[in-house]
Amino acid sequence: MISYRSVTKRFADGTVAVQDFSLDVPRGTLTVLAGSSGCGKTTLMRMVNRMVDPSSGQVLVDGEDVAGRDPVALRRRIGYVMQNSGLLPHRTVAQNIATVPRLNGVDRRAARRRTGEMMELVGLDAKLADRYPAQLSGGQQQRVGVARGLAADPDILLMDEPFGAVDPLVRSELQRQLRQLHGQIGTTILFVTHDMDEALALGDQIVLLRAGADIAQQGTPREFVAEPANDFVRTFLGLDRGQRTLHRERAADGSIVVVDAHGRPAGVLAEPDGRPDDGAHPGAAADGGPRPGIQDAPGA
Amino acid sequence: MISYRSVTKRFADGTVAVQDFSLDVPRGTLTVLAGSSGCGKTTLMRMVNRMVDPSSGQVLVDGEDVAGRDPVALRRRIGYVMQNSGLLPHRTVAQNIATVPRLNGVDRRAARRRTGEMMELVGLDAKLADRYPAQLSGGQQQRVGVARGLAADPDILLMDEPFGAVDPLVRSELQRQLRQLHGQIGTTILFVTHDMDEALALGDQIVLLRAGADIAQQGTPREFVAEPANDFVRTFLGLDRGQRTLHRERAADGSIVVVDAHGRPAGVLAEPDGRPDDGAHPGAAADGGPRPGIQDAPGA
Amino acid sequence: MNWVLDNLPLIADRTWAHLATSLPAILAALVISVPLGWLAHRYRILNGPVLTGAGLMYAIPSLPLFIVLPVLIGTGVRDVVNVVVALTLYGVALLVRSVADGLDGVPPEARGAAVALGYPPLRRFLTVDLPLAGPVILSGLRVVAVSTVSLCTVGAVLGIPSLGLLFTDGFQRGILAEILTGIVLTVVLALALDRLLVVLGRLAMPWTRAEAGA
Amino acid sequence: MNQLWEAVLWCLDPAHWTGPSGIAARSLEHLGYTLLAVVIAAAIAVPIGWWVGHTGRGRGAAVALSGAARALPTLGVLTLTALLLGIGLAGPMTAFVILAVPSILAAAYAGFEAVDRRVIDAARAQGYTGAQVLWQIEVPLGLPVLVGGLRSAALQVVATATLAAYVGAGGLGRYLFLGLKTQDYAMMLGSSLLVVVLALVLDGVFALAGRAAVPRGVTVARRGVNA
Amino acid sequence: GSSDPLGGQDTASGSSSATGGTGGSGDALVIGSQQYYSNEIIAELYAQALEAEGYTVERDYQIGQREVYLPEVESGAIDVMPEYGGNLLQYYDAEATATSPEDIQAALTEVLPQGLRPLEPAEATDQDSYNVTRAFAEKHSLTSLADLKNVDEPLKVAANSEFETRPYGPAGLKEAYGVDVTVVPVEDSGGPLTVKALVDGDVQLADIYSADPSIAAEDLVTLEDPENLILPQNVTPIASEAVDEEAAAIIEKVNAKLTPEALIGLNRESVEKEASSEDIAQAWLAGQGLS
Ligand SMILES: Nc1ncnc2c1ncn2[C@@H]1O[C@H](COP(=O)(O)OP(=O)(O)OP(=O)(O)O)[C@@H](O)[C@H]1O
Ligand SMILES: Nc1ncnc2c1ncn2[C@@H]1O[C@H](COP(=O)(O)OP(=O)(O)OP(=O)(O)O)[C@@H](O)[C@H]1O
Ligand SMILES: [Mg+2]
Ligand SMILES: [Mg+2]
């Protein structure tokens with residue numbers, strides 16, 4: 001559990017990156033901080049592991065103010081995954097993953113074993129262990145980043161736009177894996193993105209921020225789409241440009257294509273059992289369906 | 001009209017980037033080359049203005065093989081816009097836009113006038129004319145790049161992931177503008193992206209490539225969504241992971257939310273007139289609705 | 001080339017003396033430059049003074065420096081220590097900038113990642129910042145090695161043994177072969193040292209090859 | 001430190017400043033040698049460096065060449081050329097030029113290499129010819145680095161130009177050798193101080209030139225000014 | 001003096017042995033030499049002669065300047081040093097008036113610091129001398145410095161820079177012979193560059209050491225010095241107290257055979273045959289029956 005209590009951050013140059021921000025991140029959830037560039041997402045995230053100290057207010061982890069904790073020790077208990085993976089370029093994959101265990105004094109043998117487990121967990125081929133980051137693809141690097149973040153079995157995992165730099169194909173695969181992983185390990189994850197699609201796909205809870213880390217809306221993905229709190233949220237979701245207001249059209253093969261206001265196809269409408277919708281059962285499976293991962297997804 | 005005739009490109013190091021590729025790009029259309037990283041998109045595009053010469057096969061522009069044309073003269077007749085804009089950092093916005101007219105010997109006065117027109121066309125404030133690229137935001141830089149590409153009134157505009165580096169909010173705005181611009185000027189545009197959403201949003205025609213520029217499918221956006229040719233296309237579209245197979249669910253406020261297989265909301269279903277769908281009129285406005293830009297988009 | 005064959009022991013002696021003077025200077029320059037470069041990198045206010053000061057040191061003519069140094073550090077004029085110290089100063093003048101540049105060039109993501117992972121500061125400097133600055137420092141060190149070996153010859157004017165004595169002696173006696181031998185050996189020594197550093201660098205920084213190949 | 005003070009007094013003595021072998025004349029000579037050497041070295045190194053940077057060819061050779069030039073001991077080159085060419089400026093000038101070439105050569109191609117490849121690629125795609133890319137993009141954008149190279153070359157030469165006096169030419173080295181041989185340490189140290197002052201002046205001039213060489217668009221980028 | 005930055009320090013003689021040695025045993029005699037090939041040959045003569053008589057010798061050659069090596073001699077780090085009478089005297093007594101070899105030797109005994117003594121000088125000298133090319137001498141019928149005042153073109157003399165300030169330099173020449181010259185400094189102590197400058201016609205006069213074989217090789221004319229402007233520079237070894245009478249006698253025996261012609265011959269071996277000092281000394285000593 002992470003709690004922000006009226007946190008403000010004013011940088012030395014006078015920039016107020018975060019103004020009077022309060023939020024609870026419940027234990028075991030995946031909370032997404034979304035918002036466009038410069039709104040203070042990274043600053044908020046870095047307050048948790050004391051890479052940034054708040055100018056006023058408090059950040060609590062499990063009820064205890066982090067200001068009172070030794071930063072180095074604190075950071076070793078909190079995983080951190082960043083954009084472009086932030087891997088140490090002069091360390092092999094295995095050495096990167098083993099960083100925190102090794103810093104914590106775990107012996108070489110045990111660290112190596114842990115590395116193997118972690119690579120398996122994030123779906124990395126064991127053969128890659130002795131490569132250097134530059135010898136990996138972007139997606140592989142991100143996986144190593146996640147593995148490294150998890151290697152010391154942290155209570156909290158901070159992820160700062162971890163998938164921002166990878167191919168969209170790889171990105172959605174990584175997102176899928178992260179959801180699955182989160183279901184498995186139940187670590188509290190704080191995830192930063194400026195991509196609303198990603199936020200909707202991943203978050204148990206989404207916090208959409210304006211400049212200065214001003215909360216525009218906080219809620220589940222579904223609440224965001226169905227009940228955007230204000231115009232800012234609508235704009236950010238693309239609702240005001242009709243991107244998320246969809247129309248049905250019948251395609252040549254008879255299936256129902258759902259298109260947005262620009263005629264851009266969003267997908268094919270299907271019945272809950274996965275067969276294409278013939279248009280005969282409107283309203284089926286309405287009212288707040290099952291959580292992802294619980295329902296057997298069609299085609300998955 | 002651009003035609004590729006059995007084009008193959010083998011680089012000096014032996015990489016075969018393009019293998020026996022043939023395609024017609026009809027005059028005045030916006031054709032998107034899509035496909036993941038390294039599949040040969042940039043290589044194909046650069047064959048048109050002879051930045052790359054094919055190892056075998058021909059590239060014809062208006063029926064004439066470009067191999068017979070002087071590269072410098074050819075390039076001045078073909079606009080080119082690339083990721084990160086490629087602006088000259090030591091030239092002002094106006095000087096950057098006027099590059100090709102000036103190279104073509106247009107006098108300073110006339111070039112300046114043309115610059116003004118171009119800036120208006122791409123929606124750039126005239127006050128920015130004397131700024132340097134570093135003083136612009138990423139989105140503004142891309143607009144300057146587009147203006148520069150169009151300044152010499154080219155018959156063909158090549159765009160290589162022009163919006164890859166900008167904020168998603170700005171990106172969708174740039175995409176909207178590009179469609180509008182294309183409607184206005186009717187230049188033949190060859191557009192490269194690895195983002196399928198972008199391809200669906202922009203293309204009159206989409207060509208999805210596998211490694212080696214092997215065509216996986218070629219068609220309109222609607223054909224792609226409704227009739228993906230094979231598993232590769234389905235995967236690339238995200239159909240196989242259910243991302244584009246949508247279900248209706250009723251939200252708390254009674255509106256119909258369309259969600260994908262993971263429960264990730266794709267949007268709110270509406271009637272063609274823009275009111276939220278009450279679920280009572282299935283199949284309405286089926287069969288290949290109006291082209292974007294012609295219909296008055298709701299909320300636009 | 002008769003001269004060379006007739007004087008092999010002398011040449012070996014001079015070469016050995018040359019190495020014995022320049023190698024310690026190169027090493028000392030490296031050891032001193034790292035903390036100085038770190039200061040220049042870490043504290044912006046020190047950056048200007050340290051780097052300009054280092055640059056100007058290079059503008060001091062070597063001959064008077066060789067003569068003044070003994071007064072300042074209290075050694076005998078013919079003491080090899082003088083030349084080693086003088087060469088070290090010139091080496092530091094070049095290398096401080098490389099160290100500062102190298103540290104400045106450490107990717108902020110890597111540095112940030114190391115902080116986030118919970119590296120204590122000193123350990124981070126030694127095991128993350130310094131190795132990542134390594135390639136830039138190495139290229140600076142190569143320049144220092146080459147120019148130190150070359151500069152070492154000036155000490156001969158004061159009679160401090162090095163290959164430079166072949167120049168002064170050959171000059172007085174008008175023996176071109178002797179001067180040429182000195183020049184060739186100095187260049188060979190410098191370039192051999194340069195190669196050696198490249199090889200050592202490759203061994204010490206295996207990831208640079210991976211990056212080049214990727 | 002007493003010695004240093006006497007050296008300063010020597011420099012400040014107006015009697016030492018005038019006449020054909022006064023400090024003023026010798027300093028000008030010294031400066032002249034330095035600039036001449038840098039100009040000659042630039043005339044050799046800049047075209048080669050630009051060619052290497054522009055074509056991307058011969059980089060290995062250029063690196064090896066500047067490495068070898070750096071390794072050439074100035075004293076050796078000086079004595080050798082003196083024996084071959086006799087007294088006068090030709091010998092020392094050869095040595096100074098060899099000294100100045102590596103920095104300038106490296107700066108000339110490094111300046112080009114520092115130019116963002118995408119910018120050049122974009123320019124070619126707009127229809128710039130090779131020569132236009134060279135003169136309108138690579139040269140202006142590579143200039144600051146080149147000026148930096150000229151700066152360090154000039155500093156190295158100004159210190160080494162004292163050796164011109166070794167073989168009968170002028171410059172501040174005259175005082176240096178005279179002071180050295182006659183145990184006039186005030187004169188010897190004084191002339192060294194003058195060389196350092198000259199270096200400071202040159203350094204300042206090149207720093208200004210370097211700043212002026214940075215194209216405005218790049219200056220604003222560095223300052224991080226934003227829209 | 002004590003304000004001399006080069007003086008007064010102890011010098012570690014770590015930089016020794018160009019041609020071998022015995023590795024610093026306590027009773028070894030240390031023989032030094034100037035950074036001048038001819039001086040090194042003389043030192044090598046002494047060294048080999050001493051070795052032939054069973055002495056252990058350490059060589060410490062090619063030391064830059066008087067200011068550098070004399071303090072080492074004074075401190076006992078060097079035991080034997082071949083010197084030149086006139087210049088050595090002027091080093092210790094700038095006001096000295098002695099002009100004949102005998103007077104100089106007598107004066108040296110006076111001024112040398114405690115513990116040092118000059119050994120018997122050789123007949124060989126190696127002193128500054130004004131030289132012109134044969135062609136120039138014939139054109140202006142020159143044999144002596146006094147004849148220079150008849151030359152109507154401006155005279156430039158190539159010499160080390162300190163020549164400018166020496167008593168036998170331009171000022172002395174003016175005073176003794178009424179001749180005006182300007183100095184072109186060439187820092188090779190009358191070496192090949194100076195000779196080349198003279199032969200090439202860059203200068204009209206050159207200060208060249210009298211034992212330099214190039215005077216003969218280039219067919220130069222050394223101008224006579226009837227006013228004794230230039231101090232004689234007889235080869236004069238100085239010795240520390242570590243040099244016992246027997247060793248001194250050995251050195252003096254070498255000196256006795258060292259005529260001006262012999263010294264020029266030795267130098268020629270070095271410059272023209274490019275032989276090492278070791279080989280030159282060995283051959284010469286054998287020829288003189290001294291080894
Ligand atoms: N060290 C700092 N000094 C001064 N200002 C800073 C500093 N770090 C961040 N800022 C400013 O604080 C604001 C918030 O920055 P932050 O990095 O938290 O934004 P962000 O939401 O993570 O943006 P992005 O999506 O671009 O990463 C920005 O205006 C930024 O310029
Ligand atoms: N100059 C070159 N020399 C050798 N191989 C090259 C060269 N240029 C491109 N390639 C290779 O050709 C293939 C196609 O490259 P291309 O740049 O066309 O891909 P792309 O589809 O544009 O990829 P991206 O989306 O990453 O820009 C890749 O494997 C690439 O590594
Ligand atoms: Mg951020
Ligand atoms: Mg590409």
Side-chain angles (χ1 to χ4, degrees), chain B residues 42 45-46 48-52 70-93 95-104 124-125 127-128 130-141 145 148-149 151-152 154 157-160 162 165, chain D residues 50 53-60 107-108 110-148 208-227:
Chain B
T42 298
M45 170 164 281
R46 291 162 79 94
V48 176
N49 67 355
R50 297 200 59 192
M51 299 280 287
V52 169
D70 172 54
V72 167
L74 180 72
R75 289 172 195 156
R76 293 192 189 163
R77 299 287 325 129
I78 298 178
Y80 193 97
V81 185
M82 60 202 278
Q83 189 171 350
N84 293 315
S85 75
L87 298 178
L88 301 182
H90 58 310
R91 299 285 174 83
T92 62
V93 166
Q95 287 168 339
N96 263 289
I97 296 177
T99 303
V100 183
R102 294 287 291 148
L103 285 175
N104 283 334
L124 276 172
D125 192 329
K127 282 191 308 226
L128 300 179
D130 293 321
R131 295 229 186 143
Y132 288 96
Q135 295 169 307
L136 303 181
S137 72
Q140 288 169 331
Q141 288 182 20
R148 181 174 68 172
L157 185 61
L158 306 177
M159 306 184 81
D160 194 353
Chain D
W50 280 356
H54 181 70
T55 62
R57 265 178 289 169
R59 191 176 189 281
F112 277 23
E113 282 169 1
V115 178
D116 190 343
R117 292 331 285 177
R118 291 173 306 193
V119 169
I120 291 170
D121 195 63
R124 292 209 315 125
Q126 309 296 322
Y128 274 70
T129 61
Q132 283 166 335
V133 168
L134 176 73
W135 290 109
Q136 296 183 28
I137 298 173
E138 289 173 324
V139 169
L141 289 179
L143 203 57
V145 179
L146 178 60
V147 173
L208 288 180
R211 213 167 292 164
V214 181
R216 239 189 70 69
V218 178
T219 323
V220 298
R222 283 197 197 146
R223 276 198 223 117
V225 178
N226 255 312

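Residue numbers start from 1 in every chain, and the chains themselves are labelled A, B, ... in the order their sequence lines are given, proteins ahead of strands. Please read all numbers here as calculations on a predicted model, not as lab measurements.
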**Part of B:L158 within contact of chain D (heavy atom distance under 4.5 Å)** = neither
**Request:** Heavy-atom distances under 4.5 Å only: say whether D:Q136 touches chain B with side chain, backbone, both or neither.
**Result:** both
**Request:** Say whether B:T42 and B:D160, considering side chains only, have a donor N or O and an acceptor N or O under 3.5 Å apart.
**Result:** yes
**Request:** Please state whether the side chain, the backbone, both or neither of B:R91 comes within less than 4.5 Å of a heavy atom of chain D.
**Result:** side chain
**Request:** Decide yes or no on side chain to side chain contact (heavy atoms under 4.5 Å, CB included) for B:L128 and B:R131, but give the supporting numbers first.
**Result:** CA-CA 5 Å; B:L128 300 179; B:R131 295 229 186 143; 3.8 Å; yes
**Request:** Sort D:D116 into side chain, backbone, both or neither according to what part of it lies under 4.5 angstrom from a heavy atom of chain B.
**Result:** neither
**Prompt:** Which atoms of D:I137 come close to chain B, meaning under 4.5 Å heavy atom to heavy atom: side chain ones, backbone ones, both, or neither?
**Reply:** both
**Message:** To check you understand the geometry: which heavy-atom pair defines the closest contact between B:V81 and B:P162, and what is its length?
**Reply:** CG1-CB, 4.0 Å
**Prompt:** Is it the side chain or the backbone of B:R77 that comes within 4.5 Å of chain D heavy atoms, both, or neither?
**Reply:** neither
**Request:** Verify, without hydrogens or angle tests, whether B:R148 (side chain) and B:G86 (backbone) share a donor-acceptor contact under 3.5 angstrom.
**Result:** yes
**Message:** If I measure from the heavy atoms of chain D, does B:P89 come under 4.5 Å with its side chain, its backbone, both, or neither?
**Reply:** both
**Item:** B:Q141 (side chain) donor-acceptor with B:P133 (main chain) under 3.5 angstrom
**Value:** yes
**Request:** Under 4.5 Å heavy-atom distance to chain D, tell me which part of B:L103 shows up: side chain, backbone, both or neither.
**Result:** side chain
**Item:** Winner by heavy-atom pair count (cut-off under 4.5 Å) against chain B, out of D:P215, D:G130, D:A123, D:A125
**Value:** D:A125
**B:L74, part contacting chain D, at a heavy-atom distance under 4.5 Å** = neither
**Message:** Walk me through whether B:R46 and D:D121 qualify under salt bridge (Lys or Arg N to Asp or Glu O under 4.0 Å).
**Reply:** CA-CA 11 Å; B:R46 291 162 79 94; D:D121 195 63; 2.5 Å; yes
**Asked** How are the rings of D:F112 and D:H54 set relative to one another: parallel (under 30°), tilted (30 to 60°) or perpendicular (over 60°)?
**Response** perpendicular
